[in-house]
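Since the structure comes first, as structure tokens, the remarks are kept for the end.
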Amino acid sequence: MAAEVIDGKLVASEVRARVADQVAAFTTAEGRAPTLATVLVGADPASEIYVANKHKACEEAGMRSVHHSLPDDSPQDRLIGLIEELGGDRSVDGILVQLPVPEQIDPDAVTRAIDPAKDVDGLTPTSVGLLASGRPGLVPCTPAGVIELLDHQRVELEGAEAVIVGRSNLVGRPLVSLLLERNATVTVCHSRTRDLDRVCSRADVLIAAVGVPELIGAGHVKPGATVIDVGMNRTADGLKGDVDFAAVSEVAAAITPVPGGVGPMTIAMLMVNTLTAARAGG
Ligand code: NAP
């Protein structure tokens, strides 16, 4: 039987509509709209599109957004100076530095410079520590979006076997904490994992965040599992996930497509984080 397709576009639009309602209430109560500041160093066309999409989402949610563009050859000190300025600016609730940054700049130093209270990407050491220790804080957007999709699908996480393929700081590792928080039994796989198919096939919930097109096939999936595909891989045949959608659809109970699955959730959760930061600081 074909799996139910989890519609990320629909869930993301619901999240964004919910945020827009809450933003309107915040703006009325506080006399100002939640504000996201974005910073882009250089003129990478893909990064420019990502940043433009974030501003559009802010506008649709009724939030204010401001953008700062720095030239490609900007020294690290100049970028850090700007981040610190934004950290001290009471009219700014969230700070997002679009990555990657040019090679003269250390991305870790940039992340460390962000005020944790405005860390809407959830990547500062403070945010990482809060999440890892199960305390409230700002959570990275893509993993938060995965949990939102699972909740929307009413997937029972308590006691479930959850297997994550990938251990990046951006996706895999935060998901470990988020799933543990929900009392799942969590296993993490990576490039040195032996018998990946065997480990994956015990999952009730299988999450692929690998960056290898269609690595996960039907043989990796337990019948009836929920499969979340974070992968976004540009190939000669177009955008592909980490999961072989056609094959896995025959085995899983529910699956996210690529595109239209996890992708749209990332910006939606950025809006959630910006509102959360505004409420905490407002
Ligand atoms: P990453 O930093 O490159 O991490 C990839 C992880 O996969 C690593 O832990 C790596 O293991 C593991 N891995 C690589 N090859 C493997 C294999 N053959 N078997 C098992 N594990 C393997 O990637 P990422 O930033 O997490 O991104 C993963 C994918 O998600 C990419 O396609 C990316 O474009 C996509 N993504 C999508 C969104 C979205 O909004 N939808 C957001 C972020 C990322 P090691 O640690 O051992 O090297």
Side-chain angles (χ1 to χ4, degrees), residues 5-13 15-16 44 46-47 49-54 56-57 96-101 107-108 111 120-123 128 131 139-150 152 162-179 186-203 206-217 219-221 227-245 248 255-273:
V5 177
I6 303 172
D7 186 345
K9 273 196 207 161
L10 177 74
V11 182
S13 70
V15 170
R16 286 163 65 158
D44 173 57
S47 293
I49 292 171
Y50 294 143
V51 169
N53 286 338
K54 290 167 187 173
K56 188 163 167 268
L96 185 145
V97 180
Q98 186 66 44
L99 299 175
V101 283
D108 287 340
T111 303
V120 287
D121 262 341
L123 297 175
V128 172
L131 180 59
V139 175
C141 300
T142 301
V146 168
I147 299 295
E148 190 74 35
L149 286 174
L150 291 169
H152 183 272
V163 175
I164 305 161
V165 190
R167 55 176 165 179
S168 69
N169 290 335
L170 198 59
V171 189
R173 284 173 201 257
L175 270 171
V176 173
S177 302
L178 291 170
L179 289 163
V186 184
T187 304
V188 189
C189 303
H190 44 76
S191 64
R192 319 288 166 84
T193 298
R194 277 183 277 132
D195 303 329
L196 183 69
D197 53 351
R198 184 180 52 79
V199 181
C200 288
S201 61
R202 63 168 195 249
L206 178 62
I207 302 169
V210 194
V212 178
E214 301 185 334
L215 174 76
I216 304 298
H220 293 77
V221 177
V227 179
I228 305 288
D229 188 354
V230 181
M232 300 235 283
N233 308 296
R234 284 171 215 293
T235 74
D237 295 331
L239 191 66
K240 297 273 177 205
D242 292 337
V243 177
D244 180 342
F245 182 85
V248 170
I255 183 170
T256 57
V258 176
V262 175
M265 296 304 296
T266 299
I267 286 193
M269 301 318 287
L270 175 65
M271 299 300 105
V272 172
N273 276 355

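When reading the values below, keep in mind they use all heavy atoms of this one structure, side chains included, and skip hydrogens, waters and symmetry mates. Bear in mind that the values here come from a model prediction, so they are computed numbers and not experimental data. Index from 1, following the sequence. One-based numbering, in listed order, for ligands and for the atoms of each.
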Quick one: CG on L149 to CD1 on I6, what's the gap to the nearest 0.5 Å? 6.5 Å

Where ligand 1 meets N233 - atom numbers and elements under 4.0 angstrom, heavy-atom basis: 32 (O)

Taking the side chain from D7 and the backbone from L10, do they hold a donor-acceptor pair closer than 3.5 Å? yes

Heavy-atom contacts with G166 under 4.0 Å: which atoms of ligand 1 show up? List them by number with element. 6 (C), 7 (O), 9 (O)

protein heavy-atom neighbour closest to atom 42 (C) of ligand 1 works out as T142 OG1, 3.3 Å

shortest atom 21 (N) of ligand 1-to-protein heavy-atom contact is with H190 C, 3.1 Å

To the nearest 0.1 Å, how far is atom 46 (O) of ligand 1 from its closest protein heavy atom, and which atom is that? R167 NE, 2.7 Å

Out of G145, S168, C141, G8, whose heavy atom is nearest to atom 23 (O) of ligand 1? S168

Could you grab the distance from atom OG1 of T266 to atom OH of Y50, nearest 0.5 Å is fine? 10.5 Å

Just verifying a value: how many Å separate N233 CG and T235 OG1, rounded to the nearest 0.5 Å? 8.0 Å

Per-atom contacts of ligand 1 with G211, taking only distances under 4.0 Å to non-hydrogen atoms: 28 (C), 29 (C), 31 (C), 32 (O)

Heavy-atom distance from atom 27 (O) of ligand 1 to the protein below 4.0 Å? no

For the student: nearest non-hydrogen atoms of G217 and D244, plus distance: CA-CB, 4.3 Å

Under 3.5 Å donor-acceptor, D242 side chain and D229 backbone: no

Nearest heavy-atom pair of Q98 and S47: which atoms, and what distance? CG-CB, 3.8 Å

Regarding atom 17 (C) of ligand 1: of the candidates L170, L215, T266, V146, which has the closest heavy atom? L215

For atom 43 (C) of ligand 1, which candidate among N169, V258, T193, V171 holds the nearest heavy atom? V171

Partner of C200 by side-chain contact (heavy atoms from CB on, under 4.5 Å), out of D195, V227, V165: V165

Between the side chain of R167 and the main-chain N/O of G172, is any donor-acceptor distance below 3.5 Å? no

Any heavy-atom pair between the side chains of L150 and I228 that's under 4.5 Å? yes

Here the atoms of ligand 1 under 4.0 Å from any heavy atom belonging to A209 are 5 (C), 6 (C), 7 (O), 26 (O), 28 (C)

Kindly identify the option in M232, M265, M269 whose heavy atom sits closest to atom 33 (C) of ligand 1. M232

Heavy-atom nearest neighbour in the protein, as seen from atom 10 (C) of ligand 1, with distance rounded to 0.1 Å: S191 N, 4.2 Å

For R192, is at least one N or O under 3.5 Å away from an N or O on ligand 1? no

With atoms numbered from 1 as shown, which atoms in ligand 1 lie under 4.0 angstrom from a non-hydrogen atom of G263? 41 (N)

Relative to atom 22 (C) of ligand 1, which among V165, V230, V262, V210 owns the nearest non-hydrogen atom? V210

